[in-house]
Amino acid sequence: MGKYENDVRRLLDLVGGKENIQAVSHCMTRMRFVLVDPKKADEKAIEDLPSVKGTFTQAGQYQVIIGNDVAEFYNEFTGYAGIEGVSKDAVKAAAKTNQNVAQRIMGTLGEIFAPLIPALICGGLILGFRNVIGEINFFNGGTQSLADVSQFWAGAYSFLWLIGEAVFHMLPVGIVWSITRKMGTTQILGIILGLTLVSPQLLNGFSVSATPADQIPVWNFGFAQVQMIGYQGQVIAAMMAGFVLVYLEKFFRKHCPEVVSMIVVPFCSLVPAVIIAHTVVGPIGWAIGNGIADVVYSGLTSDFRLVFAAVFGLLYAPVVMTGLHHMTNAIDSQLIASPAGCTILWPMIALSNIAQGSSVLAMSVLQKRNERAQQINVPACISCYLGVTEPALFGVNLKYVFPLVCGMIGSACAAMISIGFGVEALSIGVGGLPGILSIKPEFYLIFLLAMAVAIAVPFILTFAVGKVKLTAEDRFGKQAAPAGTVEKQPAADEAKESAEPQKKAETAAQTKELKSILDGKVMPIAEAPDDVFSQKIMGDGVCIEPSGSVVVAPADCEVTVVMEDTGHACGLTLANGMELLIHVGVDTVDMGGDGFELLVKKDQHVTCGAPLIRFDPEKIKAAGHPCTTMLIVTSEGNAADIRMNTGMEAKAGETPVISWN
């Protein structure tokens, strides 16, 4: 049948057979399954297949990472199984049937908040920096801050509020925009609706609680009055208003004749949406949001707050794996928008990030001689300490289970310290170790104590349990077991191995470096916004934040793989046997080729600097995807001592980004 015959047969059995496959497709690197019963998939056995580099589940899809040869593998698999492959959109639609109502709601909520997270992180860092320069009294016996004694820093303190206000006070604008983007309606209408919720003509939402009822301005229509209240920082009200606009636009778009739709649809969607937002769903959403915030705040300040904290700290990491954690973003934002103006929930989230990262750190120490494990452990630990836990949870802790549990225990201990002393945060978005920047200055010392617990407890527990539970293969890898555990090879095998480097040296090509494939900033692959690449599952490499829009060949090579239907990726092979993967953007396969132009064909020979792919960055961003482009070494060939050159601005086809001996 083909070169993957054995793996194809085994994979079909291991995913539960043909009858367990609802739909299957593929992208540049992965097989994407929708399984009738995902529990029938034997994950460990699948990952042991020679062709498989890893697996994970996302949005109802069971994804099996194959690499550059995924198209050939896919064709052999569908041919052997007698299954007709479907489009990516069909797979995504089928995947939704594997999700219950709660998962679909949380998935939608996650997709709404995901584009806002960079702004929340940036805003949180800005407010944290303002805390340091304007709220901590370092000078004159603890009576004055840096802003009090320096005109420059006083100006900086005032200026930086411009950004903090834009992020947190104007949050409804981002929320309504994100809803229209997610639902496929007109995004500018969402922005305008959001702006009407935070207009300066309205009473600022943060001032409502301190304003007597008879002093709240109103629109007087004679027969009725509507309070002129702004919804700064409000989440639930903004979400409800956004969905009102979306469904009004979809209704009028469906029923309005095409010839007048450009005039009728925007007018009949936006005007009623604004009216309904300020008269119906706004007040209702305000009440719901404040009610949720009050319940959470009451639980966190009640006589049972330590129990609440322990349970939250214990369960937050598993909740992240379900996607339900996105609800905490709404609750945190609502707490900040409340009269208290702060949140005691966010500090526990930051501590949970640290605890899970500490478990990975212990695993990294235990597996320091397991090179393959370290390729996942190190970047996962770094990202976790910086507040992004998914690589650590799915790549390390859940795989072995006990690191996850040890991290949960450490998180619970740290959360009780945080809640017990009433630690408060002024902003959200900054997690992990940098999370201290969002904490009120008067709680810095207590939070540092909680951070120390979140680091020490999981590390000690994971290290102790790991010494007992991890096998020699887990700790040292298949090819690096401790001395004395591997039988001596026969002399013939030893001679064969010793001759291999000489053979490779004789056939190695003269090329010793790869040039940049794009104009832009070159970054370590660990910073790629995709776990499969950042964890080096496909191999090591670099990622580039592009300032150009044409991908070029990094060296003289053959084009061995192309994605003709989507144009977002290609595979290359050099004369020395090195194999490369170029992938433009993240999840851009979902765009179906819109915004991409493939400039080469399979088996075509190209020279260094030759154009490979042209793409439209604005279309990628409009679709909600990062433009970050990956250059991955999927097979080293005859190259040795490969080095990645990052941290600089590169010129396509000129700047060396990868080199070797």
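The figures that follow rest on heavy atoms only: side chains count, while hydrogens, waters and symmetry mates do not.
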- prompt: Which heavy-atom pair separates Ala154 from Ala147 by the least distance, and what is that distance?
  reply: CB-O, 3.3 Å
query: Are the side chain of Ser178 and the backbone N or O of Gly174 linked by a donor-acceptor pair below 3.5 Å?
result: no
field: Nearest atoms (heavy-atom pairs only) where Gly410 meets Val457
entry: CA-CG1, 3.7 Å
query: Is the side chain of Gln232 donor-acceptor paired with the backbone N or O of Asn204 at a distance under 3.5 Å, no angle test?
result: no
message: Tell me the closest heavy-atom pair linking Ile409 and Leu314, and the distance in Å.
response: N-CD1, 4.1 Å
- request: Using the side-chain contact (heavy atoms from CB on, under 4.5 Å) rule, pick out the option among Phe402, Phe463, Phe459 that qualifies with Met363.
  value: Phe402
Side-chain (Thr55) to main-chain (Val64) donor-acceptor, under 3.5 angstrom: no
message: Please give me the minimum heavy-atom distance between Gln356 and Leu404, naming the atom from each residue.
response: NE2-O, 3.4 Å
Donor-acceptor side-chain pairing of Thr462 and Tyr400 below 3.5 angstrom: no
Verdict with supporting geometry, Met644 and Asp540, side-chain contact (heavy atoms from CB on, under 4.5 Å): CA-CA 9 Å; Met644 309 300 161; Asp540 204 352; 3.8 Å; yes
task: Would you mind checking if Glu649 and Lys521 are paired as a salt bridge, meaning a charged N to carboxylate O distance below 4.0 Å?
output: no
query: Mind checking whether Phe304 and Phe308 have ring centres under 6.0 Å apart?
result: no
- prompt: Around Glu43, counting heavy atoms of other residues, nucleotides and ligands shown, do more than 12 lie under 6.0 Å from its CD?
  reply: yes
- request: Tell me, with the steps shown, if Val423 and Ile419 meet side-chain contact (heavy atoms from CB on, under 4.5 Å).
  value: CA-CA 6 Å; Val423 175; Ile419 291 300; over 6 Å; no
message: Would you say Ser364 and Gln374 are linked by a side-chain donor-acceptor pair, where the criterion is simply a distance under 3.5 Å?
response: yes
query: Are the side chains of Thr628 and Asp530 in touch, meaning some heavy atoms are under 4.5 Å apart?
result: no
- prompt: Under 3.5 Å, is there a donor-acceptor pair between the side chain of Thr655 and the main chain of Ala650?
  reply: no
Donor-acceptor pair, side chain of His583 and main chain of Gly585, under 3.5 angstrom: yes
- request: Can you see which heavy atom on Ala238 is nearest to which on Ile179, and at what distance?
  value: O-CD1, 4.4 Å
- request: May I ask you to test the Leu514-Trp660 pair for a side-chain heavy-atom distance under 4.5 Å?
  value: yes
Pairwise side-chain contact, Thr646 with Val657, heavy-atom cut-off 4.5 Å (strictly under): no
field: Audit row: Met451, Ile436, side-chain contact (heavy atoms from CB on, under 4.5 Å) steps and yes/no
entry: CA-CA 9 Å; Met451 288 172 66; Ile436 193 170; 4.2 Å; yes
- prompt: What is the minimum heavy-atom distance between Arg30 and Phe533, and which atoms define it?
  reply: NH2-CE1, 4.2 Å
query: Does a donor on one side chain sit under 3.5 Å from an acceptor on the other, for Thr143 and Asn140?
result: no
- request: Mind running side-chain contact (heavy atoms from CB on, under 4.5 Å) on Leu366 and Lys467 for me, showing each step along the way?
  value: CA-CA 7 Å; Leu366 288 166; Lys467 292 276 283 187; 3.8 Å; yes
- request: Could you tell me whether a side-chain N or O of Arg305 sits under 3.5 Å from a main-chain N or O of Ser302, the two making a donor and an acceptor?
  value: yes
